[in-house]
Every structure is written in C-alpha cells, then in structure tokens.
Amino acid sequence: MIHRTLDVTGMTCAACARRIERALKKVEGVVAAEVNFATQQARVEFDATKVKPTQLDAAVVDAGYGLVAADASSGGRTEAEQQERSELIRDLRIAAIVTVPLLVLAMSHGAIPGADGVVGKWVQAGLGTVVLFGPGRRFLSKGLQAARQRSTDMNTLVALGALAAWSYSVVSLLFMHASHAHVYFEAAAAIVTFVLFGKYLESRARWQLGDAIRGLHALVPATARRRNEAGGEDVVPVAALRIGDEVVVRPGERIVGDGRIVRGESAIDESMLTGESLAVDKGVGDRVFGGTQNTNGMLVVRIDRTGADTALARIAAAVAEAQGSRAPIAALADRVSAVFVPVVLAIAAITFAVWWAIVPTADGLANALLHMVAVLVIACPCALGLATPAAVAVGAGRGARLGVLFRGGAALEAASHIDTVFVDKTGTLTSGKPQLVAIEPQTGVTENDLLQFAAAIELGSEHPVAHAVVTAARERGLPELSTTGFVATPAMGVQARIDGQLARVGKVAWLRASGVAVGDAEQVAETMAQRGQTPMFVSRGERLLGALGVADKLLPESKAAVAELRARGLRVVMLTGDRAEVARTIARELGIEDVEAGLLPADKARLVALAKSAGRRVVMVGDGVNDAPALAAADVGMAVATGADIATAAADVALMRGGITAVPLALALARATMATIRRNLLWASIYNLLGIPVAAGVFYAWTGWSLSPMFASAAMSLSSVSVLASSLWLQRFGRGH
C-alpha cells in the first residue's frame, strides 16, 4: 500500500472535509482516506496497482476543490494559502465597504431623510445585491456544488440564509408599496460580511497551526555554494544539489544538507536537533546535518542526503503527518457533524412554519423569516469540526518544538491516559556506555600500575567493558605497555604476556582455576556487585594485583525524571537484561520499587502485554532497538533517540532530546491537548445547543430573547475562531523548557 498526502484548497468547513473523504473513498483501490480541515490536507492509503495518483487528484477536483501542484515544494503550499487569504481579504474589504453604509441606512429609522422611502429602499437593494452576488458568491457557488452532490455544508446554511433574506426583500419591494415593504437587505449583507470576517480570523489562526513545520523548513538556506571542478564555487539552489556534491559552509551559515566534513574544523550548533545549547566541535570525517549552524570555521561538506531524505526533512514530515492525523475522540464529532446540517435545515423549516402560524400576517411572515434565517446562520458546525484537529495540530507542533515528536492524534490521545511507565535501564536511565568507576589495588600495587596492566591486556579486546578500561588509562595519560599472545576466553576473561609474564583480566573463578591466589577476591566481587558494578580482577603470574569496577552510570537527570513521574501518580517499572543485583542497586538509587531483571526483548514485551491485560494503560520507554517488541506492545511506545536518528525511530512518540526527562513533559502535553479537545467540544456543543433555540425564538415568550440574522452570523463566525484560539493557547505549554 502507498500513502500520499494531498494539499487541498477551497475547504471552508468540516463538511467539506467529509465530502472530499467520500469522493476519495469512492475511487476503486483506495483503502483509507482522512481529510483534515484544520491543516487543509488529505491523507490517502491506496493500492498503487489499482489507482494512479492522477485519479486521486481528479476525485478532489470533481468534488469542487483545488490542489497544490504535486511537484510543488513546501513553499508551493504557502503560496496557495497566501493566494486564498489575499482573495478572502479582498472580498472582506469590498463587503465591509458596501455593508457599512447599508447598515447605516437600514438602522437609521427615519433619522436619515428618505432612508425609509422608495429611493432609500432601492439603494439598500442595490447595496445588498452587490454584497451577496459579489463577495458572497463564494458561498452561493460552493453551496450549489454541495447541492449538486446531494450534500450540505456551512455554505448551504449561509447561502440559504442570505438568499432567503434577500429574496424576501426583493419580492416585498416589487409587490408592496415601499412604505409598507419589509426589506432585510442589511441582514443578507451582514451575514456575508460577518462570515467573511470570521473566515479571515479563522485563516489567520489556522496559519499559525503550520508554524512548527514552516519553522523547520526555514532552517535550510535557499542556496548553496557548490564546489566546481576548477576548485571554485557556484551558487546554486539547494534543490539542485546531488549526493556527492561538495559545498562550502562559511562561519555563521547553516548547513544545506546531511553529509560529512571533508575539510576544516568548526563548532556546530545542533540545538535544532538535540536541544543542546553548547556547540559541538567537529572535524574531518564527522557527520553534520542540514539546518544546523556552522559557528566559527570554514567547512567543506560532502553531501550524502538531500531534500526529503535529510534528518530535518524527515522530522518536518513526521510533524506534518501527526498534525494531519485524527485522534479517535474526533469520531463522535465527525458523526454528529455529518447529520447536523440536514437536521438544522429541518429545524429552520419548523421554526418558519411555527412563527408564521402564530402570526399569519405580513408582519408575522417577516418575523418568521428572520427567525428561520437566524437558525440557518448560527448553526454551522464548523466549531465542532475544528475542535479536535486544531488541538492535535497545535499539540503536535508544540511537541516538536519541545523535542517530543508524536506520530499522530491517536498517540496524543493514548498518552493522555497512561497510568504505568515501563522504562528500559540501559541507554534510557543510564548512559549505555560502561565506565570505570572503581580501582582497588592490592597492597604494594598503585592504582596507576593496576590500571596500566589491565589496559595493556584489554587493548586487544573489542568488548565495551575493555573499552572503558582502556579509555580510563588514556585519560590518565598512562603509557601503553607492549603485549604478546593475546587470548580471549568467552565469558571468563582475557590474557596476554607482558615482558614475557602471563597476565590476566577476568572473573574470580577463572583466575582461581588458572592458579592465581585470589584471597578475599570473592568478597570484593560481592561488594562491587551490590554497588551495581561489574567486577574484574587483574593478575600477573600467580599474583593478584587488584580489582576494577565497571558500571553503566546513571544519567544525572534520571532520578529527577522518575521522581516527577511518581509524583504524578504513575507506577514506574524498570526493565533490564542486566543482573538482578545490579538492577536492584540502580532501582534503589532512583526510587523505583518495581524491577524486572535478566530479561530478553521478548520478555519485556510479555510483561507489557500482561500489564495491559490487567487493565493498565502502559507506556514503554526504550532506545528503540532491542526494545522494539515492547515498544510495539505498549499502548504508547516512546523511543529515546538522538536528533539524527529521530526520523527512523519506530515508536508512537520519539523523544528528540532530553531523554528520560522528556517523558513527563510528553505525558503532560498529551493531557493538556486532550483537555483542550474536550474544552473545544464542550464549547462547540453548548454553543449549538443554546444558540439554535435562542435563534429559533424558543425562549422569547418567557425571556424576550431573540437573535437577529446579523448577530447570528457574527456569533457563528466567532465560535470557530474561539475554538481555534483555545487550541492555539497550547502554544504556551512548556514555556521555560
């Protein structure tokens, strides 16, 4: 199956998104289609053997909508959005300029001479007609498109409301004396103007939803200095770069693509990937990434990844995918929105009939018409349709800025319900790299002598523990001793000859079996194990020189992160393949009570599945490699990864920076996003549940409450804007991180 994302233009409400979904799903070979009104994108999964991309494009166009060209860059989308906004602003200006004098005339009530006379009412007719069939034609044409496809949407309601007010006014003016004619041209014009104003505010707010993605794309320069065969430089568009090209990056410039340094040294600011404020020193052979900044040295970089293959582009694509996906909670709103407009049309018809039946006169007919128009206009379900996708888009974008990459709305929703956190030890709570932490020489042996002997023997080994010993010796500046006859005994130790004498590094039992007098070495080994260290003993000939302790050190931030998770009421369980005594020691230091040690990857997945079967909501936090089965088994899998590896992390949530400290942040952001979604849905529901009865005049007899079409249109427009504003408040989450 192939996944494709289409950038759609012309959507005006959630019903538009559903219509495009239906059109795409009708194409034979399409497995799934999901259209997001907030981000103006359609995600389609289809069988490439049955469907051509042009068929998908045609389905969208036939439904009455446009597409950004498939070969357009991210800037193509921006250009299309800008054009739509420009057209919207133009129509809004025209509508406002014409509607203001129309409202003055209509509401003057005789204060302006002739306003209520024949000339005044025909002037109102002219102004109202200009607004309705000028700026308002977008609603009329899209409402007609919906009708042709036997569908209804926001445009249907606006078009019917404005046309009803205008048509009644025209008929009244033509067939009644001007002094007795009831005209509501100002209502028709006000409906169009206020809805356009609401759409303008909505477009501004929706533009902010894409800030995270645009910010990432903006990090890559538009041009690059490519070295030519003559050794000079050609300034070329970044899109023209090919793998193997060498580019020159001067101090202060951003790197244009992923690659390796072939000449020069510099400190690289990689904060956009890793979040680390300190620049990283890099030289020949080191990897660099597109969008990072060269701070002080001239570099020549050989490009090995360009365009969509770079780490930055993959991150941007992942954010876009997350923003375009739908959270499961949206299903209810989608079902309600699907039947909402037909129900509103029925309510409007009933409202008209009841009010006219109450007062079956010309005045009663006008009053019935106004109530019907108010119902049609106020009832648009746009706010309901925006409630979930807008919050998901902002939440996913804010997460990316904070170094937490959610893989979609479903991941956000699932992460908001977590009550149990399973955490892998190695590489997640610890550094994942063994380090020498203890040197205990025998009497008559110095620490340097002991370490020097051990390093000389371990120099021939590729084991991570051996690397820790050799690194420690080099950090102390100890000279390397020459050895011969290196031999490794698996699971026991290594040996070599130094100055013709056999020397060993390994376990107590192995040294004893080799004839070494180990003395109290077993007690030393037990003490080190209790401290969470792996003991190694060093001998020369038959003499024991001492012991070395190697440990995978806790990350400085792990203890605080675990404490924060527990403070939030979450159960924390540590999983590890390490020895039980080492695991218990680390768990005690972290304040973790539940520990499972000696596990294989399949065992971790089994424990996660057992917790889920017991009704727990589980997140698994690991390094994304040997923890893959457990990550997949959990309700939410969180992969700790570096910025460079983030795009390929196979998890629901990728922690781009901060490691374990990002877990509480991710869970808090998920809960904040879900709280925003629930608040949006509650507001949209209350708005419609109260707005429609008020507009219909249900409470008029007891309270005198009523709603003119003009104020109904303003309320309808502001409801969508309020939902978007509520969602955009999420951008303030985590300020200070």
Side-chain angles (χ1 to χ4, degrees), residues 5 7 68-83 85-86 207-208 210-277 279-320 397 400-401 643-644 646-647 656:
T5 299
D7 289 316
V68 177
D71 59 349
S73 64
S74 61
R77 175 72 191 174
T78 302
E79 186 178 332
E81 289 177 342
Q82 290 282 27
Q83 183 177 347
R85 291 184 69 196
S86 297
W207 176 263
Q208 294 180 51
D211 281 350
I213 299 172
R214 283 191 296 273
L216 289 170
H217 283 301
L219 292 173
V220 179
T223 60
R225 293 186 180 88
R226 183 172 61 189
R227 297 186 70 191
N228 54 37
E229 295 180 357
E233 300 174 12
D234 297 325
V235 177
V236 299
V238 168
L241 292 178
R242 297 292 180 264
I243 293 175
D245 285 349
E246 293 185 357
V247 296
V248 177
V249 186
R250 295 176 180 171
E253 295 181 343
R254 290 193 179 272
I255 296 168
V256 296
D258 295 1
R260 292 189 182 276
I261 298 173
V262 295
R263 183 180 302 172
E265 295 180 351
S266 183
I268 308 297
D269 179 359
E270 296 185 338
S271 58
M272 46 74 65
L273 283 175
T274 66
E276 297 298 329
S277 57
V280 182
D281 291 328
K282 296 201 175 187
V284 175
D286 289 333
R287 282 199 66 79
V288 291
F289 303 98
T292 58
Q293 190 168 27
N294 177 26
T295 61
N296 54 18
M298 178 81 75
L299 297 176
V300 177
V301 177
R302 179 176 290 119
I303 299 297
D304 57 23
R305 286 181 184 174
T306 61
D309 293 329
T310 64
L312 182 65
R314 291 182 182 181
I315 292 171
V319 175
R401 288 181 180 273
I646 193 62
M656 298 165 66

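We use all heavy atoms of the structure for the numbers below, so side chains are in, but hydrogens, waters and symmetry mates are not. On a predicted model such as this, the values are computed, not experimentally measured, just so you know.
Under the side-chain contact (heavy atoms from CB on, under 4.5 Å) criterion, Thr223 pairs with Val235, not counting sequence neighbours. Listed by chain and number, the residues in a salt bridge (charged side-chain N to carboxylate O under 4.0 Å, His left out) with Arg287 are Asp304 (sequence neighbours excluded). Scored by the side chain to side chain donor-acceptor pair (under 3.5 Å) test, Asp281 finds no partners at all (sequence neighbours excluded). Val262 meets the side-chain contact (heavy atoms from CB on, under 4.5 Å) test with Glu246, Val300, Arg302; sequence neighbours excluded. Residues passing the side chain to side chain donor-acceptor pair (under 3.5 Å) test with Asp286: none are found, sequence neighbours excluded. For the side chain to side chain donor-acceptor pair (under 3.5 Å) test, residues two or more places apart in sequence or in another chain that qualify with Arg250 are Glu233. Listed by chain and number, the residues in a side chain to side chain donor-acceptor pair (under 3.5 Å) with Asn294 are Ser266 (sequence neighbours excluded).
Of all heavy-atom pairs spanning Asn296 and Pro251, the tightest one is O-CG, 3.6 Å. In this structure, Thr310 and Arg305 approach most closely via the heavy-atom pair CG2-O, 3.5 Å. Heavy atoms only, all atoms of each residue included: Ile255 and Pro221 are closest at O-CD, 4.1 Å. In terms of heavy-atom proximity, Met298 sits nearest to Val248 at SD-CG1, 3.5 Å. Of all heavy-atom pairs spanning Arg254 and Val249, the tightest one is O-CG1, 4.2 Å.
For the pair Gln293 (side chain) and Glu253 (backbone), a donor-acceptor distance under 3.5 Å is absent. Checking side-chain atoms of Asp234 against main-chain N and O of Val236 turns up no donor-acceptor pair under 3.5 Å.
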(request) Please report the C-alpha distance between Thr306 and Arg242 in whole Å, then the side-chain angles of each, then the deciding distance to 0.1 Å, and finally whether the side-chain contact (heavy atoms from CB on, under 4.5 Å) criterion is met. (result) CA-CA 7 Å; Thr306 61; Arg242 297 292 180 264; over 6 Å; no
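Leu299 CG to Ile261 CD1: the interatomic distance, rounded to the nearest 0.5 Å, is 4.5 Å.
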